[in-house]
*Asks:* 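First the structure, which I've put down as structure tokens, then a few questions once you've had a look.
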Amino acid sequence: MIAPDIFGRLTWNALFPSELVTQVAVVSLGLVVLAVLALVTRMHRWGWLWREWLTTLDPKRIGVMYIIVAILMLVRGGVDVLLMRAQQATSVGTSQGVVSTSTFQQLFSAHGTIMIFFVAMGLMFGLINLIVPLQIGARDVAFPFLNATSFWLFFTGMLIINASLGIGEFSAAGWLAYPPLSELQYSPGVGVDYWIWSLEIAGVGSLLSGINFFVTILRMRCPGMSLMKMPMFSWSVLCSMFMVMFAFPVLTVTLTLLFLDRSIGTHFFTAGGGGNMMMYVNLIWAWGHPEVYILVLPAFGIFSEVVATFSRKPLFGYASMVMALLAITLLSFTVWLHHFFTMGAGADVNAFFGIMTMIIAIPTGVKVFNWLATMYRGRIRFSAPMHFFMGFIGLFTIGGVAGVMLAVPAIDYQLHNSLFLVAHFHTMIVSGVLFGDFAGVIYWMPKIFGFRLHERSLRWSFWCWFVGFVLAFGPLYILGFMGMTRRTSHYAVATGWQPLLIVAGLGVLLIATGVVIMLVQLAWSVWKRAENADSTGDPWDGRTLEWSTSSPAPAYNFAVTPVVQSRDAFWASKQAARRGALAPARVYTDIHLPRNTGVGPVIGALSFILGFAVIWHIYWAAAVALVVLILVVVIRTTGTDDSERTIAAAEVALAEAGGEVSRRVA
Amino acid sequence: MSERRHATSAPLPGVGHLSLRAYVSGFVASLVLTIGAYLLVVERAVSAGTLIALILVIAVSQFAVQLVFFLHLGAEARPRWRLAMFLTMVTIVLILVVGSLWIMGNLNSRMSMPEQEQYMSSQGGL
Amino acid sequence: MIRVEAHPAPVDAHAAEADERTVFGFWVYILTDCVLFASLFATYVVLHGNTAGGPSGHQLFEMPYVLAETMALLASSFTCGLAMLAAVRGRTRLAVVALALTFALGSTFLALELSEFHHLAVIGAGWSRSGFLSAYFILVGTHGLHITVGLLWMAVVAARIWWSGLGRGELRRLTLFGIFWHFLDLVWIFIFSVVYLMGAAHL
């Protein structure tokens with residue numbers, strides 16, 4: 001006889017979602033997972049998967065896993081969008097639309113959370129893992145095991161948020177779960193707890209990643225690469241990781257305090273009992289505003305690389321670009337109040353933060369002009385990454401101007417919580433972050449897998465994204481002025497909103513088409529990879545070090561540690577070779593790389609059990625998982641110091657010679 | 001003399017050479033500062049405003065003492081990344097803490113509890 | 001132009017650089033932890049007047065008791081420094097003895113803190129009594145949690161030094177632990193000043 005509370009709040013009923021939409025989602029998700037498992041089993045790839053991927057400490061492979069998760073989550077978050085758009089286009093007057101109000105609330109909460117934490121952050125950390133070590137001429141990151149742990153914590157957060165789909169419910173309190181709605185009194189279910197623990201665990205992973213890459217960039221640059229000779233993407237990542245380090249602890253604290261309010265009855269943000277719910281808003285935005293720049297700076301860095309490479313010119317105004325990054329980094333910690341101008345602060349406070357917000361637009365403007373100046377009189381190739389760059393410049397400027405409008409407290413009083421705001425931040429995140437990350441994936445794909453993606457279909461996909469975006473969000477700016485508030489699941493005919501919402505829905509369908517084209521061409525490019533193979537290691541006539549090694553990059557990145565004399569070091573060396581300068585002698589030495597380890601996935605699994613058990617109040621399981629987790633960490637960190645494998649110099653020479661031969665043959 | 005002592009002891013990674021004198025000075029200074037602040041409060045020697053200022057000054061002094069004598073801040077070789085990172089952290093923390101207190105103090109002085117609750121109930125976030 | 005070097009790359013320089021990097025990385029982690037505590041301090045200061053009709057710090061804090069706690073932690077920070085001093089001079093047993101002393105002082109601190117918490121809970125001033133007490137318990141408790149982790153870590157480091165001497169790895173671990181432990185005393189300076197001294201002075 002099992003005691004009734006051995007599974008805490010988890011009951012048999014929680015496993016069966018009541019609404020049709022959710023049932024369909026759970027069943028299709030289950031089928032996809034089963035299909036993947038069956039495929040791996042059928043192809044006898046479990047051993048390969050474990051040895052080569054799940055236990056890897058190679059940042060390039062970890063980066064690929066990040067991007068795969070992010071793409072899957074893009075689809076998941078995208079389905080949420082389709083449902084939300086369908087609801088808002090149809091739920092007017094007597095029609096109640098396609099989903100219930102409570103499902104609608106879970107949809108927008110899940111959409112925001114997933115898109116920010118598991119799509120934008122996933123793509124960003126994926127690209128950082130892939131490229132930063134290569135770009136600074138390093139063989140590895142500073143702390144390879146920690147890096148794998150970060151990925152597995154990110155993965156665990158993703159699992160937890162998706163578990164909420166089938167087991168229990170998700171938060172209905174919006175992507176930032178403001179109290180008092182997110183407090184126990186108004187959200188007694190497990191939804192908010194799912195939200196808290198998904199972000200708590202993924203957030204710790206992000207924090208560790210932030211420290212890791214910050215130290216990597218500061219301490220592991222190759223000889224000669226002073227900070228002012230560093231490629232712009234690495235600079236932008238350095239600044240972004242700085243913000244991760246100093247913003248994410250605030251998120252950890254805020255989530256923990258909310259959880260304590262909900263679980264042990266503290267009074268941090270409660271109504272009554274001496275709580276102060278406005279403090280939650282203050283804290284979450286002290287993290288949340290830097291978070292926006294955390295996402296967008298690496299995308300700026302990608303655009304800087306892309307625009308210089310495809311214009312065949314050095315980046316215009318390198319020093320001013322660095323200054324702009326540093327200015328944005330510091331200023332991003334001084335503007336958070338503009339997210340709650342209407343909360344009731346006095347004119348002095350609002351004016352201060354409004355002015356700071358306007359000031360932060362200046363370095364961003366400097367960057368836009370520098371990119372345009374880089375293109376000026378360049379020999380531009382309009383390849384797919386360049387398309388995304390051009391789309392970004394146009395949309396981002398519009399979104400930025402809308403942002404400066406919102407920075408005026410008086411205007412914000414009109415537009416706060418309206419669809420104008422929704423349109424503004426989607427313009428920034430989609431055109432800034434997503435377009436940048438897409439450009440990065442397309443641009444660096446050959447370096448990772450050794451083949452290019454299909455150019456024509458990527459351009460088609462871009463046009464779907466661009467036109468779809470304008471159609472989907474143009475109407476929202478107008479609807480905002482017409483007074484439609486965000487998160488509205490039902491409205492009256494007399495409002496006259498429906499036509500515009502239908503247009504927005506069509507725009508989203510067009511974007512979805514763009515996503516489908518992307519996925520199909522990805523499969524197609526993999527299928528036809530021999531045709532698009534990159535045998536040179538330098539398919540775009542690149543400028544930075546990652547293009548100097550073979551494609552796909554070997555596990556050790558560089559057979560011989562590069563030595564750098566100038567910015568755009570690879571470009572300079574190509575120019576020197578063209579002038580007839582002799583390449584320096586290549587002296588191979590033994591290379592030390594970390595051994596693969598299964599501890600990362602184990603830590604992920606244990607934190608999943610921990611998070612899941614806490615959500616459902618299964619305290620014995622949480623305690624067991626915590627104790628085992630501590631033991632695993634202690635054993636790993638105090639165990640043997642011998643965690644490296646050595647690739648002998650002769651072996652490196654052989655591999656490189658093979659590479660040379662195959663390159664010549666091709 | 002000190003040269004020879006250094007020769008017999010290994011430098012700690014990232015910290016450099018240590019000396020007993022630094023630890024003893026740090027310990028004694030911390031003791032004095034802690035007890036000084038304690039006596040100020042227990043004896044109620046000064047007015048409230050002065051007391052807050054004095055407590056903070058003493059706390060920051062002890063913070064600095066321990067940073068220098070226990071954590072050897074600034075003793076690393078150039079470039080002094082540890083020191084630079086520490087100072088940026090202090091900047092960010094000051095922005096966060098002073099900013100939060102300013103904002104929250106302002107809000108609390110302008111809004112009653114029911115007003116705050118009414119406003120927050122109307123908000124969904126962002 | 002291709003040459004294969006017969007002798008391996010200089011491993012010692014490689015390892016020393018890796019150690020330096022680890023210590024720097026840990027330092028950066030400590031700075032992020034400072035931001036974590038800063039958020040808790042800000043929350044405490046915002047909520048410290050919200051007693052919701054319950055007791056205030058002025059009524060609850062017993063200053064001689066807190067001074068004893070503070071002294072125990074300060075002394076443990078000092079003995080931790082002595083352990084590092086002994087370690088760099090190769091005095092294995094002295095280092096372990098100093099660590100044992102640090103452990104004893106750290107445990108004393110933790111025991112005093114827990115008994116204070118217990119006392120508060122018993123007299124009806126637990127964390128769910130008011131916003132002030134929530135913030136108090138979580139700020140001081142988070143520090144206590146760090147101390148607990150530090151004690152566990154210290155035991156592991158001391159055991160390793162005892163069994164396998166003072167190798168490069170042990171020295172690195174001790175360095176990291178030392179930074180952590182000194183950092184906890186730094187945080188306590190502000191808890192002592194902002195929470196206890198100002199609380200007792202009714203500021």
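Computed from heavy atoms alone, side chains included, the values below leave out hydrogens, waters and symmetry copies. Proteins come first, then strands; the chains are lettered A, B, ... in the order of their sequence lines, and each starts at number 1. Given the structure is predicted, the values throughout are model-derived calculations rather than measurements.
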*Asks:* Crowded around B:W81 CH2? As in, over 12 foreign heavy atoms under 6.0 Å?
*Replies:* no
*Asks:* With only heavy atoms counted, which part of B:I52 is less than 4.5 Å from chain C, the side chain, the backbone, both or neither?
*Replies:* both
*Asks:* What part of C:F41 lies closer than 4.5 angstrom to a heavy atom of chain B: side chain, backbone, both or neither?
*Replies:* neither
*Asks:* Please find the pair of heavy atoms, one from B:V41 and one from C:A200, that lie closest to each other, and give the distance.
*Replies:* CG1-CB, 4.4 Å
*Asks:* To check you understand the geometry: which heavy-atom pair defines the closest contact between B:L101 and C:A42, and what is its length?
*Replies:* CD2-O, 4.0 Å
*Asks:* What part of B:L31 gets within 4.5 angstrom of chain C, counting heavy atoms only: side chain, backbone, both, or neither?
*Replies:* both
*Asks:* Quick one: does B:Y38's side chain get under 4.5 Å of C:P64's, heavy atoms only?
*Replies:* yes
*Asks:* Pair B:L20, C:L82 - check side-chain contact (heavy atoms from CB on, under 4.5 Å), show working.
*Replies:* CA-CA 7 Å; B:L20 180 60; C:L82 295 185; 3.5 Å; yes
*Asks:* Any side-chain heavy-atom pair from C:V45 and B:M104 closer than 4.5 angstrom?
*Replies:* no
*Asks:* Would you call B:V42 and C:L67 a side-chain contact if the rule is heavy atoms closer than 4.5 Å?
*Replies:* no
*Asks:* Please name the pair of heavy atoms, one in C:A38 and one in B:V97, separated by the smallest distance, quoted to 0.1 Å.
*Replies:* O-CG2, 3.8 Å
*Asks:* Can you say whether B:M85 sits under 4.5 Å from chain C via the side chain, the backbone, both, or neither, judging by heavy atoms?
*Replies:* both
*Asks:* Within a 6.0 Å radius of atom CD on C:Q59, are there more than 12 heavy atoms belonging to other residues, nucleotides or ligands?
*Replies:* yes
*Asks:* Most heavy-atom pairs under 4.5 angstrom with chain C, which of B:A22, B:G26, B:S100, B:S30?
*Replies:* B:S30
*Asks:* Locate the shortest heavy-atom distance separating C:C34 from B:V93; write the atom from each residue and the value.
*Replies:* O-CG2, 4.5 Å
*Asks:* Show the nearest heavy-atom pair for residues C:G81 and B:Y23, with the distance to one decimal.
*Replies:* CA-CE2, 3.3 Å
*Asks:* Determine whether B:L56 and C:M198 make a side-chain contact, defined as any pair of heavy atoms from C-beta on separated by less than 4.5 Å.
*Replies:* yes
*Asks:* With rounding to the nearest 0.5 Å, note down the distance linking CG in C:L197 to CG in B:L51.
*Replies:* 8.0 Å
*Asks:* Could you have a look at C:F26, C:F190, C:F78, C:F183 and say which one has the most heavy-atom pairs with chain B under 4.5 angstrom?
*Replies:* C:F78
*Asks:* Can you find a pair of side-chain heavy atoms, one from B:T34 and one from C:I189, that are under 4.5 Å apart?
*Replies:* no
*Asks:* Where does C:T70 contact chain B at under 4.5 Å (heavy atoms): side chain, backbone, both or neither?
*Replies:* side chain
*Asks:* At a 4.5 Å cut-off on heavy atoms, which part of C:F192 comes close to chain B: side chain, backbone, both, or neither?
*Replies:* side chain
*Asks:* Evaluate the ring planes of B:F86 and C:W27, with Trp represented by its six-membered ring, and classify them as parallel (under 30°), tilted (30 to 60°) or perpendicular (over 60°).
*Replies:* tilted
*Asks:* Between atom CG of B:N108 and atom CG of C:N50, what is the distance when rounded to the nearest 0.5 Å?
*Replies:* 7.0 Å
*Asks:* Which bit of B:V24 comes within less than 4.5 Å of chain C, counting heavy atoms only: side chain, backbone, both or neither?
*Replies:* both
*Asks:* Can you measure from CD (B:Q66) to CG (C:L74) and round to the nearest 0.5 angstrom?
*Replies:* 6.0 Å
*Asks:* Does any backbone or side-chain atom of B:L73 lie under 4.5 Å from a heavy atom of chain C? Answer side chain, backbone, both or neither.
*Replies:* side chain
